[in-house]
Amino acid sequence: MRARFLKGMRRKAAIVLDVVYEGATALLPVALGVWVHHPLLQLSHPPVYFIYSSVLLFGSDFLILTALGADLIRRALTGTFRLHRPPLLILILLGLAGWAILSAAWSVEPRLSAYIGFHLAGITGWILSLSERPKAWRSLSIGCMLGILLQTSVAVLEVLVQSTAFLRPLPLEWPGPLDPSIPGAAVIELPGGRRWLRAYGTLPHPNLLGFYLVGMMAGPAAWGLRPDRRAVIGGLGFGLGTLGVGLSFSRAAWLGWAAIFLGLLGMPQPSPRRRLSLLLIGATAWLIVAGLFPIQMITRLTGRGSVLEIRSVQERKWLIEQAWQQIWHHPLLGTGAGTFPLTLREILPPGYRAEPVHHVGALIFAELGLPGFGFGLALFGAFLHEGRRRKDPEARAIAACLFGLLIASTLDHPLWTMAPMRALGGSLLGAWLGRQKSEDAGDQGPPASDDRTYAVSCVFRSWPWVLSQGQRTGHRG
């Protein structure tokens, strides 16, 4: 009798832990766009912006730790500690994280390098957890849709009123109260010298908004290819995401979106009509942005007649030159993970910013030397190899958005330098690996509760109902 009672309690606890895991996973995409943070270690290295030189705990990190904790406790309760053979991608990421941690031994700032290495290792653990739970993609994709809705809505308002001041009542550090007249605001310089504010969403910079939305579009892209009513919602989400990417006026995000579009266009699909509808909605949203703001778009693409755009290009060119200088002087070991901006402090030209080079490959090479660059190349090669043999439409849609992030990273750095963006890339990679595992052999992860209790909507249902469902369906411990 006592054994039966304990078994029933374990079943109920497992269901509650499933709900915690799914709830944290569903909220994660929203948290990735709202940067609430707590400083664990503030390292002052002026004029380097504190986000590049401090150890910060973000809300997204807290949600990942919550989900991982729930997963570990559930495995302990049910005795399911056995993991499947880790994919090659995860092993390569662990190697990269380990090398980043080791770089603290010769780093310009050892504490910063160790933090980035351990954070990357934690993200790798999150990827492994998601890959063991293929059904978690449902919650993550819902969160992607909510994230797109939130950020695009805010972006549209910011563009219309040319200000972010309406966000002031919210307890957000970023973007702060900005308008085109404020020095340092991300603006487009129009003919005649008029300044036009780009959309920030709730992020520190428009480029981050664009990068975030490129990743979030994995949710609607996968939904848009489904053979059910969710395809309509997916199409609308894809259009909203495209609108937000356009309003960010981030050239890197535009390039990433183009990579997604081409990836979906060339994807084998049993029903070409759904894929065509998805792409037409995206193209229509893009044409709306181009039609409403043609001068802004031409200025960003050509830089014609804009001193700000010319200076931006020159600054990025100078950063590339400094990256090659660092690679030349430290080809084997680099200067340590996360330290590129710190090495620029003594040689910074007047008016330039001490920030990472806007190319992830060059940045990893400069900071981690030849071994780090080798890990990066191996990771990219393994991703291409794994993606080539997959047939599941949803997995291909996620892969297209991952590829979009990689392409955008040839013109920007957040995937390596920003903790929430590392979490974004890791979440999509884990979901993609999970979809592959589901395609190969079904859901082989820890036993999950019934579909009705497994979905994130369980969070909003009453606990007695959830527990009774677990008993009725015979949840396996």
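- Between His119 and Tyr115, the two ring planes are tilted [angle within 30° to 60°].
- Judged by distance alone, the side chain of Gln151 and the main-chain N or O of Gly33 form a donor-acceptor pair under 3.5 Å.
- By the 4.5 Å heavy-atom criterion applied to side chains, His413 and Met421 are not counted as neighbours.
- Considering only heavy atoms from C-beta on, Ile148 comes within 4.5 Å of Pro220 through its side chain.
- The main-chain N or O of Leu149 is found under 3.5 Å from a side-chain atom of Ser153 such that the two form a donor-acceptor pair.
- Aromatic ring centres of Phe238 and Trp223: separated by at least 6.0 Å.
- Looking at Leu88 and His385, their side chains never come closer than 4.5 Å, going by heavy atoms from C-beta outward.
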Apply salt bridge (charged side-chain N to carboxylate O under 4.0 Å, His left out) to residues Arg311 and Glu309 and explain how you reach the verdict. CA-CA 5 Å; Arg311 183 181 180 84; Glu309 298 299 331; over 6 Å; no
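- For the atom pair Leu178 CG and Arg168 CZ, the distance stands at 10.0 Å (nearest 0.5 Å).
- Considering every non-hydrogen atom in both Leu197 and Gln162, the closest pair reads N-OE1, 2.6 Å.
- A tilted orientation is assigned to the rings of His37 and Phe58, their planes being inclined by 30° to 60°.
- Under the 3.5 Å distance criterion, the side-chain polar atoms of Glu158 are matched with a main-chain donor or acceptor of Gly201.
- Around the CD1 atom of Ile295, the shell of radius 6.0 Å holds no more than 12 heavy atoms that belong to other residues, nucleotides or ligands.
- A 4.5 Å side-chain heavy-atom check between Leu56 and Phe50 finds at least one atom pair inside the cut-off.
- Summarising the geometry of Gly210 relative to Val245, their closest heavy-atom pair is O-CG2, 4.1 Å, with the distance given to 0.1 Å.
- More than 12 heavy-atom neighbours from other residues, nucleotides or ligands sit within 6.0 angstrom of CD on Glu173.
- Of the possible donor and acceptor atoms, one in the side chain of Thr410 sits under 3.5 Å from a partner among the backbone N and O of Ile407.
- The aromatic ring centroids of Trp99 and Phe375 lie 6.0 Å or more from each other.
- Within 6.0 Å of CH2 in Trp106 there are more than 12 heavy atoms belonging to other residues, nucleotides or ligands.
- For the 3.5 Å distance criterion, the side chains of Ser129 and Tyr21 qualify, holding a donor opposite an acceptor.
- Glu315 has no carboxylate O lying under 4.0 Å from a charged side-chain N of Lys317, or vice versa, which leaves the two without a salt bridge.
- Of the possible donor and acceptor atoms, none in the side chain of Arg300 sits under 3.5 Å from a partner among the backbone N and O of Met297.
- Remark: Arg353 CZ is loosely packed, at most 12 non-hydrogen atoms of other residues, nucleotides or ligands lying under 6.0 Å away.
- Other residues, nucleotides and ligands place more than 12 heavy atoms under 6.0 Å from the CZ atom of Phe293.
- A donor atom on one side chain and an acceptor atom on the other are not found under 3.5 Å apart for Glu367 and Thr335.
- When all heavy atoms are compared, the tightest approach of Leu363 to Pro356 is CD2-CB, 3.9 Å.
- Nearest heavy-atom pair across Phe340 and Leu319 is CZ-O, 3.7 Å.
- Judged purely by distance below 3.5 Å, without hydrogens or angles, the side chains of Gln326 and Thr343 pair a donor atom with an acceptor atom.
- Heavy atoms from other residues, nucleotides or ligands lying under 6.0 Å from OH of Tyr352 number more than 12.
- No hydrogens or angles considered: a donor-acceptor pair under 3.5 Å links the side chains of Ser107 and Ser113.
- Here the shortest heavy-atom pairing between Pro29 and Tyr212 reads O-OH, 2.7 Å.
- Distance alone, capped at 3.5 Å, places no donor-acceptor pair between the Arg74 side chain and the Leu17 backbone.
- Between Phe403 and Phe380, the two ring planes are parallel [angle under 30°; tilted spans 30° to 60°].
- Using a 4.0 Å cut-off between charged side-chain N and carboxylate O, Asp71 and Arg75 make a salt bridge.
- Atoms CD1 and CG, from Ile116 and Leu368 in turn, are 8.5 Å apart once rounded to the nearest 0.5 Å.
- Contact detail for Ala423 and Leu32: the closest heavy-atom pair is CB-CD2, 3.8 Å.
- Ser53 contributes a side-chain N or O that, together with a main-chain N or O of Leu43, makes up a donor-acceptor pair within less than 3.5 Å.
- Two rings, from Phe383 and Trp432, have their centers less than 6.0 Å apart.
- Between Trp174 and Trp35, the two ring planes are perpendicular [angle over 60°; tilted spans 30° to 60°].
- In this structure, the side chains of Leu344 and Gln322 come closer than 4.5 Å at one or more pairs of heavy atoms.
- No side-chain donor-acceptor contact under 3.5 Å links Ser54 to the backbone of Ile51.
- Looking at Arg198, its side chain never comes within 3.5 Å of a backbone N or O of Pro206 through a donor-acceptor pair.
- Residues Trp254 and Phe249 form a side-chain contact, since some pair of their non-hydrogen atoms from C-beta on lies under 4.5 Å apart.
- Side chain to side chain, Asn207 and Arg251 fail the donor-acceptor criterion of an N or O pair below 3.5 Å.
- Side-chain rings of Phe365 and His359 stay apart, their centers remaining 6.0 Å or farther from each other.
- Judged by distance alone, the side chain of Ser131 and the main-chain N or O of Gly430 form no donor-acceptor pair under 3.5 Å.
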